[in-house]
Asker: 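My questions all concern the structure below.
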Amino acid sequence: SLPKRHKFWETQPVGQFKDVGDTSLPEGPIEPPTPLSEVKQEPYNLPSQYEWTTCDMDSEETCNEVYNLLKNNYVEDDENMFRFNYSKEFLGWALRPPGYYKSWHIGVRAKTSKKLVAFITGVPARIRVRDEVVKMAEINFLCVHKKLRSKRLVPVMIKEVTRRVHLENIWQAAYTAGVVLPTPVTTCQYWHRSLNPKKLIDVGFSRLGPRMTMSRTIKLYKLPDQPVTPGFRKMEHRDVPAVTRLLRQYLSQFVVSPDFDESDVEHWLLPTEDVVDSYLVESPKTHDITDFCSFYTLPSSILGNQNYSILKAAYSYYNVSTKTPLLQLMNDALIVAKKKDFDVFNALDVMHNESFLKELKFGPGDGQLHYYLYNYRTRNALRASELGLVLL
Ligand SMILES: CCCCCCCCCCCCCC(=O)CSCCNC(=O)CCNC(=O)[C@H](O)C(C)(C)COP(=O)(O)OP(=O)(O)OC[C@H]1O[C@@H](n2cnc3c(N)ncnc32)[C@H](O)[C@@H]1OP(=O)(O)O
Ligand SMILES: CN(C)Cc1n[nH]c2ccc(-c3ccc(F)cc3OCCn3ccnc3)cc12
């Protein structure tokens with residue numbers, strides 16, 4: 001079959017498919033930074049009927065516009081049965097980490113109606129690639145209204161966010177996608193653990209196994225009412241220094257991972273209701289913090305089901321096991337997620353997740369998530385287990 005042309009991506013400083021396997025190419029930035037005086041000062045041109053807008057996520061009204069655009073036009077599963085339904089609180093959290101730039105929250109409006117019709121965002125992050133800590137932009141929430149698809153709006157949106165990131169003297173980015181683009185750093189599988197099998201079967205997310213009855217299926221996924229690990233408790237503000245130490249140490253083993261400091265941990269990992277949950281194990285004897293687990297809340301709209309409209313999904317975030325077996329720690333995460341009325345617990349096969357997925361009754365998802373770096377070549381593709389980065 002004819003190799004897919006990527007007319008835009010072939011113009012970008014990303015690994016190109018033709019270069020895959022060429023080990024003579026060095027690891028690191030593909031293009032050098034441009035002198036700031038040479039960065040294009042004015043925005044790229046949109047088609048004449050559209051205009052750029054900076055979305056102020058502190059504004060309830062703007063946050064609501066962004067929420068509704070994504071609710072109706074963002075990522076669907078391959079069978080178009082579910083669509084991500086990121087909450088307004090979640091978007092406020094995801095887009096305003098320490099040091100964020102409002103100018104990286106980029107919208108496109110129709111000039112006449114002023115309707116928000118497209119969106120793309122960046123947030124700053126320090127990402128370590130092997131021994132190099134690189135200031136990057138994490139790009140996310142790229143969305144074009146369903147009625148404006150296939151008009152090549154995306155290339156100009158990507159060039160505009162790139163320009164605004166360059167203006168802050170940042171030259172690399174990280175992003176993930178369910179689609180294959182030039183060129184994945186790694187490709188992950190996602191897995192699902194049923195917590196409410198009856199609802200999942202009713203909405204068509206899961207199917208009753210062969211030779212399985214509904215009552216047998218409910219029993220198969222049943223969980224204890226309380227976590228089993230002594231000292232397992234919610235993370236609190238006073239735990240930030242210890243959790244930062246624990247997490248930095250743990251993430252240092254992966255080829256790509258965030259370089260979190262205490263202010264990052266405070267933002268990304270302190271429990272925030274209906275956004276992110278985090279637990280730790282405090283040894284009853286020594287009061288050391290020995291283990292940590294976390295998951296974020298990302299519901300999906302159920303498209304076209306009479307009885308349910310929302311699928312409550314928890315997504316595995318960062319987990320650290322040093323004393324409690326990861327299997328037991330993650331089972332406690334499942335127990336508290338079930339207790340919080342989640343329908344399903346999702347996880348990628350990144351970090352050490354592979355070690356618990358099957359045993360904790362996760363089933364493989366129907367797609368993959370590809371990880372990308374912009375303007376940064378890695379010597380070769382990584383194994384999913386070498387990745388210590390989870391993007392929202
Ligand atoms: C130094 C700083 C650097 C910062 C920037 C770093 C890079 C950041 C990159 C962004 C990271 C975002 C990460 C992220 O948000 C997480 S991935 C989620 C993306 N969003 C969705 O799937 C939402 C639902 N779908 C849509 O809204 C549209 O279908 C989208 C907008 C996806 C495509 O709308 P469309 O109307 O169908 O597209 P055209 O305007 O006609 O343009 C077609 C071109 O767009 C390329 N395309 C398609 N999907 C893409 C995707 N997910 N990433 C990158 N490129 C994507 C495609 O390959 C083609 O280029 P090619 O001809 O070369 O192949
Ligand atoms: C990561 N972040 C950038 C959002 C994003 N974009 N594209 C995606 C493609 C897959 C996943 C994903 C990641 C982990 C997981 F357990 C299940 C997933 O998708 C299931 C299929 N699905 C899509 C919508 N509703 C259900 C996320 C994303």
Side-chain angles (χ1 to χ4, degrees), residues 4-14 29-31 33-34 39 69-70 72-86 94 104 106 108 117-122 124 134-182 188-193 205 295-296 298-303 311 313-316 344-350 353 362 364-376 389-392:
K4 267 186 74 177
R5 306 289 323 173
H6 291 283
K7 302 299 281 174
F8 168 69
W9 280 110
E10 285 161 11
T11 70
Q12 297 296 294
V14 292
I30 294 169
E31 284 178 350
T34 318
V39 176
L69 174 73
L70 297 176
N72 298 318
N73 300 281
Y74 202 47
V75 187
E76 297 173 8
D77 66 306
D78 290 352
E79 290 167 56
N80 307 102
M81 293 172 64
F82 309 98
R83 183 164 46 236
F84 285 138
N85 184 355
Y86 288 88
W104 294 7
I106 305 170
V108 175
V117 295
F119 190 57
I120 187 168
T121 69
V134 184
K135 277 221 75 173
M136 295 198 188
E138 283 176 2
I139 306 300
N140 210 339
F141 303 109
L142 168 63
C143 183
V144 168
H145 193 285
K146 283 173 180 273
K147 291 198 176 116
L148 300 180
R149 299 279 172 84
S150 307
K151 293 175 177 299
R152 307 299 293 181
L153 268 179
V154 163
V156 71
M157 292 173 72
I158 292 173
K159 286 190 285 193
E160 181 59 14
V161 72
T162 302
R163 186 187 71 85
R164 296 189 189 194
V165 172
H166 284 168
L167 287 174
E168 304 299 342
N169 199 24
I170 292 172
W171 307 93
Q172 272 72 36
Y175 50 104
T176 58
V179 292
V180 177
L181 303 163
C188 310
Q189 288 286 337
Y190 42 79
W191 294 68
H192 312 290
R193 206 284 184 183
F205 183 92
F295 51 86
Y296 59 87
L298 169 52
S300 277
S301 301
I302 301 170
L303 311 173
L311 184 72
Y315 287 72
S316 179
V344 65
F345 191 101
N346 292 332
L348 293 164
D349 60 356
V350 296
N353 291 355
F362 283 75
D366 64 358
Q368 298 174 311
L369 188 68
H370 307 279
Y371 277 72
Y372 301 94
L373 292 177
Y374 183 96
N375 193 20
Y376 201 93
L389 177 66
V390 176
L391 297 186
L392 303 168

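Numbering of ligands and ligand atoms starts at 1, following listing order. For the numbers below, each heavy atom of this structure counts, side chains included, while hydrogens, waters and symmetry mates do not. Each residue takes its place number in the sequence, starting with 1.
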Asker: So which bit of E10 gets within less than 4.0 Å of ligand 1, heavy atoms only: side chain, backbone, both or neither?
Answerer: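 It is neither; nothing of E10 touches ligand 1.
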Asker: Please state which option from N85, D77, N346, V390 has its nearest heavy atom closest to atom 26 (C) of ligand 2.
Answerer: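 Going through N85, D77, N346, V390 one by one, D77 has the nearest heavy atom to atom 26 (C) of ligand 2.
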Asker: Return yes when at least one protein heavy atom is under 4.0 Å from atom 43 (C) of ligand 1, and no when none is.
Answerer: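 It does; a protein heavy atom is within 4.0 Å.
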Asker: Give me the nearest non-hydrogen protein atom to atom 8 (C) of ligand 2 as residue plus atom name, then the distance to 0.1 Å.
Answerer: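 Checking every protein heavy atom, the shortest distance to atom 8 (C) of ligand 2 gives L369 CD1, 3.7 Å.
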Asker: So is S300 touching ligand 2 or not, going by heavy atoms under 4.0 Å?
Answerer: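 It does, in that a heavy atom of S300 comes within the 4.0 Å cut-off of ligand 2.
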Asker: Where's the contact between N375 and ligand 1, heavy-atom distance under 4.0 Å: side chain, backbone, both or neither?
Answerer: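 Near ligand 1, N375 shows nothing, with every heavy atom at 4.0 Å or more.
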Asker: L391 versus ligand 2: do any nitrogen or oxygen atoms come within less than 3.5 Å of each other?
Answerer: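 No.
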Asker: So which of L373, L369, L181, L391 gets nearest to atom 53 (N) of ligand 1, if we judge by its closest heavy atom?
Answerer: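 That would be L181.
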Asker: Give me the atom names and distance for the closest heavy-atom approach of F141 to L70.
Answerer: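 The pair with the smallest heavy-atom distance is CD2-CD1, 4.0 Å.
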Asker: Within a distance under 4.0 Å of any heavy atom of V154, pick out the atoms of ligand 1 and give their elements.
Answerer: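 Every atom of ligand 1 under 4.0 Å from some heavy atom of V154: 31 (C), 33 (C), 34 (O), 38 (O), 39 (P), 40 (O), 42 (O), 45 (O).
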Asker: Does atom 48 (C) of ligand 1 have any protein heavy atom closer than 4.0 Å?
Answerer: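 Given the 4.0 Å cut-off, atom 48 (C) of ligand 1 does not count as touching protein heavy atoms.
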Asker: I want to know if ligand 1 touches Q172 in the polar sense, i.e. an N/O pair below 3.5 angstrom.
Answerer: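 No, since none of the N or O atoms of Q172 sits under 3.5 Å from an N or O of ligand 1.
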Asker: Using heavy-atom distances, let me know which of Y86, F84, F82 sits nearest atom 27 (C) of ligand 2.
Answerer: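 Result: the heavy atom closest to atom 27 (C) of ligand 2 is in F84.
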Asker: For ligand 1 and A137, I'd like to know whether there is a polar contact (N/O to N/O, distance under 3.5 Å).
Answerer: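 No - when backbone and side-chain N and O of A137 are compared with those of ligand 1, no distance drops under 3.5 Å.
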Asker: Would C143 count as a polar contact of ligand 1, with the cut-off being nitrogen or oxygen pairs under 3.5 Å?
Answerer: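 There is no such contact.
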Asker: Quick one: does Q172's side chain have a donor or acceptor within less than 3.5 Å of a partner on N375's backbone?
Answerer: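 Yes: the side chain of Q172 pairs with the backbone of N375.
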Asker: Should you measure from each heavy atom of L142, which atoms of ligand 1 turn up under 4.0 Å away?
Answerer: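 Ligand 1 atoms under the 4.0 Å threshold to L142: 12 (C), 15 (O), 19 (C), 20 (N), 21 (C), 23 (C), 31 (C), 51 (C), 53 (N).
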